[in-house]
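Chain letters run A, B, ... following the sequence lines, proteins first, then strands; residues in each count from 1. Computed from a predicted structure; not experimentally measured.
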Protein chains: 2
Amino acid sequence: MERIIELFKERNIRVTPQRVGVMQTLYPSQEHLTVEGIHAKVKPQFPNISLATVYTILELFKEKKLVREIRVRFDRSLYESRVDPHHHFHCTQCGQTYDVDIDLCPTLKKQRIDGHSINDFHGYFYGICRSCRKEKQC
Amino acid sequence: MERIIELFKERNIRVTPQRVGVMQTLYPSQEHLTVEGIHAKVKPQFPNISLATVYTILELFKEKKLVREIRVRFDRSLYESRVDPHHHFHCTQCGQTYDVDIDLCPTLKKQRIDGHSINDFHGYFYGICRSCRKEKQC
DNA sequence: AGCTTGCACAAGAATCATTATCATCTAAAA
DNA sequence: TTTTAGATGATAATGATTCTTGTGCAAGCT
């Protein structure tokens, strides 16, 4: 809570209860949440909060590098508060998303590829997750 | 044309003029097209073709591994006929998408990460493309 | 070449994520 | 406290994608 307000101030983000509430759903957990999911999580605390507000807040957080939007799923975005470089695995069976902490070696260090200047890189892995694989064996 | 019919037969895809038309917009070019774009391209040849039909056909092609859907842009999907492993660069300025033929080394060869079994991997790069960089310097 | 049959297509409606609008309200600087 | 730029909530709008259904056609079989 204190930490969140600190993060806002550092970035010149006006502190409002709704923004703190949204940030609390993502930080410091390492969950990946949909906008719907975030909305549902803050609803008990702010029964009137609008879905549009959640979208607006997330857009702001994204600009200020407080959260990252990931598009490992084709049908909707997920949000997470981990903003350091890492990648994602998406289970095509259960739909769960996992962090992937692998250094995709030399490429990441490059500033240029084919003359394009790289600002960001994101790797998406698809397959069957460990817990779905276990279930199958039963 | 002949090649496309061959590809269909190999995969037990019933040959229809619309399917051939859609495939011709993507093969053997290396363009990345939106569904709208594909629809616009086949329209002259099939003035009555429905957008829903294009979606259905692309879904089939994807299942049969004739095309790949890429989600380098968050707002809509792109389709391409290159199905061999490669990655994509998206220019955040002009919106253009480029192929990236880089081997993201050891990772790709792995079958497993953190116990998850990997079927597919896709790297997305974001930044300013070479032609946008040139323009800036003028 | 003419049946037959299951699948494909067109048209349009429906759905669902996301964005825009705007009137009201509030955080925080003076 | 007052002021005011900016934030929120309600709701409409947008735009991509999916669903539905009646009609039409590909291709295997006579």
**Item:** Per Thr53(A) side chain, nearest of listed nucleotides dT26(C), dT8(D), dA17(C)
**Value:** dT8(D)

**Request:** Mind checking Pro17(B) for me? I need base, sugar-phosphate or nothing, with any heavy atom below 4.0 Å counting as a touch.
**Result:** sugar-phosphate

**Fill in**
Here the distance between atom C1' of dA16(D) and atom CD of Glu69(B), to the nearest Å, is 11 Å

**For atom NZ of Lys64(A) and atom P of dG6(D), their distance in whole Å** = 11 Å

**Request:** Mark yes or no for whether Arg133(A), through its side chain, and Ile128(A), through its backbone, hold a donor-acceptor pair below 3.5 Å.
**Result:** no

**Prompt:** Which class fits the ring pair Phe61(A) and Phe8(A): parallel under 30°, tilted 30 to 60°, perpendicular over 60°?
**Reply:** tilted

**Fill in**
Closest of dT8(D), dA8(C), dA28(C) to the Val15(A) side chain is dA28(C)

**Message:** Keeping Tyr126(B) on the side-chain end and Val72(B) on the backbone end, is there a donor-acceptor pair under 3.5 Å?
**Reply:** yes

**Item:** Per Ser50(A) side chain, nearest of listed nucleotides dA27(D), dT18(C), dG9(D)
**Value:** dG9(D)

**Message:** Measuring to OP1 and OP2 of dT18(C), would you say a side-chain N or O of Tyr55(A) lies under 4.0 angstrom away?
**Reply:** yes

**Request:** Decide whether His116(B) and Gln96(A) meet the rule of one side-chain donor and one side-chain acceptor closer than 3.5 Å.
**Result:** no

**Item:** Where at least one partner belongs to residues 9-45 of chain B, residue pairs that pass ring pair (Phe, Tyr, Trp, His ring centres under 6.0 Å), sequence neighbours excluded
**Value:** His32(B)-His88(B)

**Message:** On the nucleotide dA10(C), are OP1 or OP2 found under 4.0 Å from the side-chain N or O atoms that Gln18(B) carries?
**Reply:** yes

**Message:** From CG of Asp75(A) over to P of dA16(D), roughly how many Å is that when rounded to an integer?
**Reply:** 16 Å

**Request:** Starting from P on dA27(C), measure out to CG on Asn12(A) and report it in whole angstrom.
**Result:** 17 Å

**Complete:** Among the nucleotides dT17(D), dT18(C), dC19(D), whichever has the atom closest to the side chain of Ser77(A) is dT18(C)

**Message:** Return whichever of Ile13(B) or Tyr79(B) has its heavy-atom-nearest nucleotide of DNA chain D closer to the 5' end.
**Reply:** Tyr79(B)

**Asked** Of the nucleotides dT17(D), dA27(C), dA11(C), which has the atom closest to the Thr16(A) side chain?
**Response** dA27(C)

**Request:** Take atom CD of Glu36(B) and atom C1' of dT17(D), then tell me their distance rounded to the nearest Å.
**Result:** 11 Å

**Asked** In whole angstrom, what separates Leu58(B)'s CG from dT18(D)'s C1'?
**Response** 14 Å

**Prompt:** Rounded to whole angstrom units, what separation is found between the CD atom of Glu63(A) and the P atom of dG6(D)?
**Reply:** 14 Å

**Message:** Just N and O in the side chain of Arg19(A): are any of them under 4.0 Å from OP1 or OP2 of dA7(D)?
**Reply:** yes

**Request:** From the options dA27(D), dG9(D), dA16(D), select the nucleotide whose nearest atom is closest to the side chain of Arg14(B).
**Result:** dA27(D)

**Message:** Tell me whether Lys62(A) is salt-bridged to Glu59(A), with the criterion being a basic N under 4.0 Å from an acidic carboxylate O.
**Reply:** yes

**Item:** Nearest listed nucleotide, side chain of Ile49(B), among dA28(C), dT18(C), dA10(C)
**Value:** dA10(C)

**Asked** Expressed in angstrom and rounded to an integer, what is the separation of Leu60(B) atom CG from dT17(D) atom P?
**Response** 17 Å

**Request:** Side chain of Ala52(A) only, please: which of dA7(D), dT19(C), dT18(C) is the nearest?
**Result:** dT19(C)

**Asked** Closest nucleotide of DNA chain C for Arg71(A) versus for Ile57(B): which of these residues is on the 5' side?
**Response** Ile57(B)

